[in-house]
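Here the structure is a predicted model, which is why all the values come from computation and not from measurement.
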Amino acid sequence: MTAHPREIFEFDDFTLDPAERLLLLRGQPVRLTPKTFDLLVALVRRRGSLLSKDRLLDEVWAGGLHRRDQ
């Protein structure tokens, strides 16, 4: 079994840690609703590419991203 590298995204003054479900702004936590957080993660993971509405709905509203086993 291979360990997967932990995803940490940094943009502007933000740090996004999907595994910990944490968004920081200059080191301070930003409160987001669960769906808003899932939507942000889906968009950030696919930055620079087109994300179809169907794929987005499937991942965020069908429960794809909030599961910890992904």
Side-chain angles (χ1 to χ4, degrees):
M1 179 183 263
T2 331
H4 295 287
R6 186 165 175 168
E7 287 181 308
I8 302 287
F9 300 97
E10 294 182 350
F11 48 96
D12 293 326
D13 291 333
F14 292 93
T15 302
L16 177 64
D17 183 345
E20 295 296 322
R21 298 193 61 78
L22 182 64
L23 176 65
L24 300 173
L25 172 60
R26 287 181 237 113
Q28 297 299 311
V30 176
R31 292 181 56 173
L32 298 175
T33 65
K35 288 295 181 200
T36 302
F37 186 88
D38 291 344
L39 178 60
L40 177 62
V41 171
L43 294 171
V44 168
R45 280 184 175 152
R46 286 161 190 84
R47 67 199 173 278
S49 62
L50 183 62
L51 181 59
S52 73
K53 179 180 109 178
D54 290 338
R55 178 84 186 253
L56 187 62
L57 288 173
D58 182 52
E59 288 188 21
V60 176
W61 278 268
L65 289 177
H66 72 273
R67 295 188 312 237
R68 290 223 176 235
D69 59 348
Q70 286 191 338

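- With sequence neighbours left out, the ring pair (Phe, Tyr, Trp, His ring centres under 6.0 Å) criterion links Phe14 to Phe11.
- Sequence neighbours left out, the pairs with a member in residues 10-19 that pass side chain to side chain donor-acceptor pair (under 3.5 Å) are Arg6-Asp17, Asp13-Arg26.
- Atom CG of Leu51 sits about 5.0 Å away from atom CG of Leu56, to the nearest 0.5 Å.
- Annotation for Ala42 and Glu59: closest pair CB-OE1, 4.0 Å, computed over non-hydrogen atoms.
- Residues passing the side chain to side chain donor-acceptor pair (under 3.5 Å) test with Thr33, sequence neighbours excluded: Thr36.
- Criterion: ILVMFWY side-chain heavy atoms under 4.5 Å apart, direct or through other members. Under it, Ile8 and Phe37 are not part of a common hydrophobic cluster.
- Within the 4.5 Å cutoff, side-chain heavy atoms of Lys35 are placed close to those of Val60.
- For Ser49, the side chain to side chain contact (heavy atoms under 4.5 Å, CB included) partners two or more places apart in sequence, or in a different chain, are Arg46.
- Taking a 4.5 Å side-chain heavy-atom cut-off between Ile, Leu, Val, Met, Phe, Trp and Tyr, the cluster of Leu24 extends to Leu22.
- Rounding to the nearest 0.5 Å gives a distance of 8.5 Å between CG of Leu16 and CZ of Arg45.
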